[in-house]
Amino acid sequence: MIDKRIINNNFHIERSNLDFELEFTEVFQKYQNENVAIREVMTLSKFFEIFFTMPLNQDLFVGRVYYPLVGFGTEFMTMGPLYYCKKSRILKILENNNFDNNYKEQIMNMLDFWENGQFISDLDIEDERKGKIYENMPEDMFNATTNVIADMGGRLSGIFLDFDLLIKAGLEGLIAKVQERINNIEKNDKSYSLLKSMIKVIRLVQREIINYAIRLKETMPPDFDQDSVQEMIKVLENIAYHKPKSLREAIQLTWIYSLMAGNLNYGRMDEYLGDLYVQDIQNGVITEEEALQYLMSLWKLMQSRRLSAEEMADFNSRVIIGGKGRRNPENANKFALVAMEASRRVSETEPQLTLRFYKGMDNRLMDKALDVIGEGITFPMLYNDDINIPAVANAFNVSLEEAEQYLPYGCGEYGLYHVAVGSPNCSINLPKALEVTLHNGIDPNSKSQIGLETGKIENFKTFESLFDAYSKQIEHFCSYLAKRHAREYEIQSNMASFLLLSLLFDDCIESGKSIIDGGARYRGGIIESFGITNVGDSFNTIKELVYGDNILKLDELVEILDNNFEGYEDIYELIKSIPKYGNDDERADDMVRRVSSNVASHTKNQANFVGLDYFLVVNVNNYYNVTIARETGASADGRKYGEPFANGNTPTAGNDSSGITSFLNSISKIDPNEHAGYTHNMKFGKKLFNEERKITKVLLQTYFDNGGTQAMISVVGREDLQNALKTPEKYQNLIVRVGGFSAKYIELEKDVQLDILNRTLF
Amino acid sequence: MQQGIVFDIQKCSIYDGPGIRTTVFLKGCPLRCQWCHNPESWNLEQEIFFNHSQCNLCKKCEKVCLSGCHNFFEGQHIYNRDNCNNCNLCVNACPTGALSLKGNTMSTKEVIDIVKKDKAFYQNSGGGLTISGGEPMIQFEFTKALLKEAKQEGIHTCIETCGHVEWEKYEELLDDVDLFLFDYKCTDSKKHRNLTGVSNTKIISNLGNLCLMKKNVVLRCPLIKNVNDDENHIKSICELSKKYSSIIAVEIMPYHNYGTSKAISVGVSLPINLENTCEETKRSWIEQFHRFGCLKLGGNNG
């Protein structure tokens, strides 16, 4: 039944039939009207029949996967959220194969079923996906790229499971835990079906582990020797029914579980693997080098998982190491060092290794981190617990102890380790919000009224009246996004229980509820915001030119922006010369701080109104700062039509021309107490970072002392110098050594630049 | 409030004294070193800096200039400074930044406010303020005021000096300077005059005095192959380093032709335009320093 060709784990696999998809649909239809949890178990049982593929390239662990075209998932990258049907790819297969009419009809019926049913979240049809969530919402609110707010689907991202519990209890222990709860309730209890289904879904995990072992016994995978396959089989047979006794078994179990649960974030790995790692080393079961090989193999599987779902999937799966609140810091630290070495050697984009640190943590971790970063790996990313823990306690309104379990995920949002769900499922384009404010609620692009009518620009006699109008727009948009998020949980909880996720979430077994149905302790949401610093710089410009120096009237400035500065080159140059965020300039930085606090507080305030435990803003970096900027008009900070917004909380490329200390001072001024993660990309030259490590450490330490929350560091080399020659404006801070002194690279004469390019680096 | 003419303030400066520093560059210099890497610092006054490579030949400068300083022929922009009356209209008109001004008048407070911003970085790295130039002592009152302010703020201070200044001025600053970055360029006095325009008598005497007063000194020695890297000079540097315990380090500053294009941009000519120092030459210098028993070679000899 399973297509024989599905032995690769690549989604490009050519399919010659759609038998599996038809059968999966049949199972779904059979249990359509059953309890949500029971239906999930029955469909997953079918789904996992095709899911796992054989190991490749001398993997040390099994766990490569194939995503069928109809199925069940959690995040986009695991094809979810919820039940999915990849219509366009199914139609393509229909086109490429000469199926008989009967078969074709079955497929068309299947597509009809999913398309018209109430159970699906993603049909490759944007509007359809949103349809159910946006019932009762005004039309035209969400038009992905041209409007202020955009939808990112009902994904459940940032789910961190309690793998520590899984490893300590094993699958049987987990079953016992659920059974104990069942023993204490009546059969007619509302949670009975969910708890029973939880046990069944663990049995499915056991079944697949055993199936894997059987398949390995029957078919020797290519490029493997007998011994290594025997070892894999032994590991699988042990973990199916016993708790893992070794590092290898623990990795295998958590990896398979994570694939089946569909979550992409791997949590505090140093905590849950640290003890077994140290135990195995001490007992001579494995050597340091073998442990490293395990992690490198795991890292490669994470990378391959990325390619098995969708083309161009950008995963951002995080492994977290270091930080306060681990139960076994000594063992965990030892593991963390190996994890960093694995990243150094594998040098891939997954996992996105993240180091949390605090004053008093073992210095070797930060030293190792800087060594790895210095090689240009860009991992680990650094997170400052001393600032972030109290800030998260404030923002999420939780205790300091709970805040110790904050974990960054994805592009930089924070979650709380196996107690909170709260995915960033929508975005707000702040420069567009300002543009709309300057046009009385109308988007100049589409000419449609997408915001509030906050007044004609002639009415803004003072800067504060303009800011108030903008603030009202932001509040208006944030309130829709909050309603949208609350509605999403309502819909989702009728569609699925996410059993495998709920099992490893605190309180879900105890309460007999799924993570999205009130089982998770905290149910929140996040808005991804873009262009905060652009709006800050724009307001600052407006304040200076219009309300300060009276150089322009506001309507004249709007006219200039509407014309994308064309014909107003002098004003454009003038705007460029006004101090910008990123130069440790009080006025510029204060304005960005104000804009940040504004959107943060409007977001935060919404939680109560819609019954979420938290609703917070993030300012992170991904490609949205480029894509949604494409149709955003020129802004008063000197950004032309379509040009990208600044990346996360870092200044617009080229605006930060006062050196790295000023840059660091500026970015640490933003209040961390009201958001769920702002990101800061910074580039260091190889020479400065590696040869002046003492200086680098002081720079970072001082930044973190001053309130810096996190840093994503790339250490740049030769190619950056080459790029700096092509686009010097983007490399204002690239400092190089020339003889007995240092100089800004872009200010040097061409020949000097070339000389350094040819000489200094590497 | 004292005012001075500043031509650059460089944050996170890590090669002008210990730790992370802010280096304030002041205009004006009594020397005319043939290898100067900051020729835009020679004149005390603000001046126009013309970077040919950024000029897009738009001729806006030609239109606004009342003195006819900017001329264009055969695709070339010729800037003749002789008639320039420093009206700066051309700088304002220039859209590309090819014409810019070197030297801004700033008050002590303005400078110190900028310097203060990185105080935490100084404290964590043992860094501070470095006043450089040009020769900071040319704007003596301003330098003095900056140093005093910085010390009051608890900021570590360095000045980078060519040494060719009246001793009385150094004497006045002694309490407010933590470290002197003292240039030592050529031992032979006659040659010194040829290469820098002045004799080294005053320089050597000031160096001796500073050392006698137990002030910390880093001797900074620009070396240019076949110009001032004779054995006698290197030996003499080593002797000085042995003689004075106050000299805490000797830094070699190998020649780089970084200054040549800047000299053209400010309309001065530098007689020396040589190849940049190669690694082999640097190694041979270091070897000589070791041979002459200098144990204080440090800093960034690269």
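Both backbone and side-chain heavy atoms feed into the values below; hydrogens, waters and symmetry mates do not. Within every chain, numbering begins at 1; the chains are lettered A, B, ... in the order of the sequence lines, protein sequences first and strands thereafter. Since this is a predicted model, take the numbers as computed values, not measurements.
The CG atom of A/Leu700 sits 11.5 Å away from the CG atom of B/Asn124 when rounded to the nearest 0.5 Å. From B/Cys12, atom SG reaches atom CD of A/Glu692 across 10.0 Å, with rounding to the nearest 0.5 Å. The distance from the CD1 atom of A/Ile660 to the CG atom of B/Asp118 is 11.0 Å, given to the nearest 0.5 Å. Of the inter-residue distances, the one linking B/Tyr15 atom OH with A/Ile695 atom CD1 reads 8.5 Å to the nearest 0.5 angstrom. Put simply, CD on B/Gln123 and CG on A/Asp705 are 10.5 Å apart, with the number rounded to the nearest 0.5 Å.
In terms of heavy atoms, A/Asp585 sits closest to B/Lys117 at CA-NZ, 4.1 Å. Between A/Tyr703 and B/Phe121, the shortest heavy-atom contact is N-CE2, 4.3 Å.
In this structure, no portion of B/Pro222 lies under 4.5 Å from any heavy atom of chain A.
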Run the side chain to side chain contact (heavy atoms under 4.5 Å, CB included) check on B/Ile14 and A/Leu688 step by step: do they pass?
-> CA-CA 9 Å; B/Ile14 57 173; A/Leu688 171 65; 3.4 Å; yes
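Counting heavy-atom pairs closer than 4.5 Å to chain B, the top-ranked of the candidates A/Val698, A/Leu699, A/Thr661, A/Asp584 is A/Thr661.
Annotation: A/Arg587, atom CZ; neighbour count of heavy atoms from other residues, nucleotides and ligands within 6.0 Å does not exceed 12. With a 6.0 Å radius and a threshold of 12 heavy atoms from other residues, nucleotides or ligands, B/Gln76 has its CD atom at or below the threshold. No more than 12 heavy-atom neighbours from other residues, nucleotides or ligands sit within 6.0 angstrom of NZ on A/Lys694. Applying the 6.0 Å contact sphere to NZ of B/Lys60 captures no more than 12 heavy atoms from other residues, nucleotides or ligands. Annotation: B/Lys119, atom NZ; neighbour count of heavy atoms from other residues, nucleotides and ligands within 6.0 Å is above 12.
Side chain of A/Asn706 to backbone of B/Ala120: no donor-acceptor contact under 3.5 angstrom is found.
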